[in-house]
Number of protein chains: 2
Amino acid sequence: MLRLSKLADYGTQVMTYMARDHVIHSASEVAADLCIAAPTVSKILKMLVRKNLVTSMMGAKGGYVLARHPSGISIAEIIDAMDGPISITECSSNTTCDRESSCSTRSNWQGINHIILDALEKVSLAEMIAPKPQVVDVSAIRSRGIQT
Amino acid sequence: MLRLSKLADYGTQVMTYMARDHVIHSASEVAADLCIAAPTVSKILKMLVRKNLVTSMMGAKGGYVLARHPSGISIAEIIDAMDGPISITECSSNTTCDRESSCSTRSNWQGINHIILDALEKVSLAEMIAPKPQVVDVSAIRSRGIQT
DNA sequence: CCAATGTAGGACTATTATAGTACTAGTTAG
DNA sequence: CTAACTAGTACTATAATAGTCCTACATTGG
């Protein structure tokens with residue numbers, strides 16, 4: 001469905017939550033405020049740490065903080081942290097049947113994929129918190145179009 | 001993973017296959033040429049018929065033909081036919097927990113979703129068949145950017 | 001130094017979505 | 001009338017994903 005995984009959705013929620021104030025938050029605190037199961041939040045935060053989007057403080061009074069400023073973190077990074085590299089098609093070259101059919105379309109898919117990735121990279125966390133966002137100027141893109 | 005479903009992938013393959021020549025094709029013929037299981041192709045074609053992307057001819061010597069010119073069919077339509085409406089997030093309003101967290105980000109998601117949908121709508125089947133595609137001018141979009 | 005609190009990391013399970021299959025009915029050409 | 005094909009629906013199996021649990025480790029505070 002060209003849909004984001006739930007984990008990625010949660011991930012952005014967690015990140016936007018943390019972007020609001022640069023205070024340290026425990027996993028359970030985030031879970032309670034966001035109404036997501038605590039272990040799940042914990043898991044998500046661990047994944048985010050691994051990708052250096054969030055820094056962790058161990059021990060009592062420990063918790064998580066955003067590793068960078070919200071303006072320096074893109075949605076694409078978050079999704080990537082949760083779901084791995086963003087790619088619409090598999091194109092895993094297990095083409096047992098290398099007829100002319102599929103391969104000619106692959107490059108087009110890649111182009112489309114690129115656009116999407118580009119859009120995701122341009123949106124930062126900081127823009128995500130903004131209540132009424134200027135964030136995406138769709139019409140500008142639309143007017144230019146894709147076909148030549 | 002923000003990935004296209006396999007069915008949608010097959011769907012575009014089938015459509016591009018049919019876009020090559022405006023001849024009538026039986027489901028089994030398409031299946032054989034594309035190396036996709038015959039019943040699956042059959043299923044896909046039926047879905048495409050339902051969305052008026054393909055016309056079917058019943059009876060002996062029957063088969064399927066593209067309903068419109070390839071230039072008038074967008075990738076978005078095909079994906080929509082296979083997977084239903086394209087939407088990144090669920091946002092299905094089952095927000096048992098309507099904290100300030102999630103809802104402020106929804107509008108941004110919708111913006112992003114719009115860009116993706118737009119990109120998909122701009123690519124036609126005709127462009128998909130073109131061997132070395134001019135199809136997407138990514139750089140043009142990139143130079144304009146998304147943030148204000 | 002010890003206990004409490006919280007993260008790190010992995011393995012595991014259950015649920016859901018999806019792909020793919022099979023079968024029956026209906027339609028048209030010859 | 002019969003053969004060849006699509007229409008439609010219901011079913012099954014597989015894989016991806018969400019979510020849980022458990023053990024080990026680090027830090028703060030008494």
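Just so it is clear, the structure is predicted and the values come from calculations on it, not from any experiment. Here is the naming used below: chain letters follow the sequence lines, and residue numbers restart at 1 for every chain.
Relative to the side chain of Leu7(B), the nucleotides dA19(C), dG19(D), dT21(C) differ in distance, and dA19(C) lies closest. Counting only heavy atoms from C-beta on, Ala27(A) has its side chain closest to dT7(C) among dA4(C), dT7(C), dG8(D). Here the nucleotide nearest the side chain of Lys46(A), chosen from dT7(C), dG19(D), dA8(C), is dA8(C). Candidate nucleotides dG6(C), dA18(D), dA7(D) were compared by shortest atom distance to the side chain of Val49(B), and dA7(D) ranks first. Distances were taken from every side-chain heavy atom of Tyr10(B) (C-beta onward) to each of dG20(C), dT28(C), dA4(C); the shortest belongs to dG20(C).
Between the CD1 atom of Ile44(B) and the P atom of dG8(D) there is a distance of 16 Å, rounded to whole Å. Atom NZ in Lys51(A) sits roughly 17 Å away from atom C1' in dA8(C) (whole-Å rounding). Per the geometry, CE belonging to Met82(B) stands 12 Å off C1' belonging to dT18(C), to the nearest Å. Between Asp9(B) atom CG and dA17(C) atom P there is a gap of 21 Å when expressed in whole angstrom units. Between Met58(A) atom CE and dT7(C) atom P there is a gap of 9 Å when expressed in whole angstrom units. Between the P atom of dA18(D) and the NZ atom of Lys43(A) lies a distance of 7 Å, rounded to the nearest Å. Rounded to a whole Å, the CE atom of Met47(B) is 11 Å from the C1' atom of dT18(C). Between Asp83(B) atom CG and dA19(C) atom P there is a gap of 7 Å when expressed in whole angstrom units.
With the nearest nucleotide of DNA chain C identified for both Ala60(B) and Ala60(A), Ala60(A) has the one nearer the 5' end. The 5' end of DNA chain D is approached more closely, in terms of each residue's nearest nucleotide, by Ala38(A) than by the other of Met57(A) and Ala38(A). The nearest heavy atom of DNA chain D to Ala8(A) and to Ser42(B) marks one nucleotide each, and the one closer to the 5' end goes with Ser42(B).
No donor-acceptor pair closer than 3.5 Å links the side chain of Ser42(A) to the backbone N or O of Ala38(A).
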Exercise for review: Might you work through the side chain to side chain contact (heavy atoms under 4.5 Å, CB included) test for Tyr10(A) and Lys43(A), ending with a clear yes or no?
Suggested key: CA-CA 11 Å; Tyr10(A) 284 165; Lys43(A) 183 186 183 180; over 6 Å; no
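With hydrogens and angles ignored, no donor-acceptor pair closer than 3.5 Å exists between the side chain of Lys61(A) and the base of dG29(D).
One finds a side-chain N or O of Ser56(A) lying less than 4.0 angstrom from the OP1 or OP2 phosphate oxygen of dA8(C). Within the structure, every side-chain polar atom (N or O) of Ser5(B) is placed at least 4.0 Å from both OP1 and OP2 of dA17(C). OP1 and OP2 of dC5(D) both lie 4.0 Å or more from every side-chain N or O belonging to Tyr64(B).
A 6.0 Å sphere centred on CE of Met57(A) holds no more than 12 heavy atoms belonging to other residues, nucleotides or ligands.
Checking each of Met82(B), Lys51(B), Arg68(B) against Glu77(B) for a side-chain contact (heavy atoms from CB on, under 4.5 Å) leaves exactly one that passes, namely Arg68(B).
For the atom pair Ile79(A) CD1 and Asp9(A) CG, the distance stands at 9.5 Å (nearest 0.5 Å).
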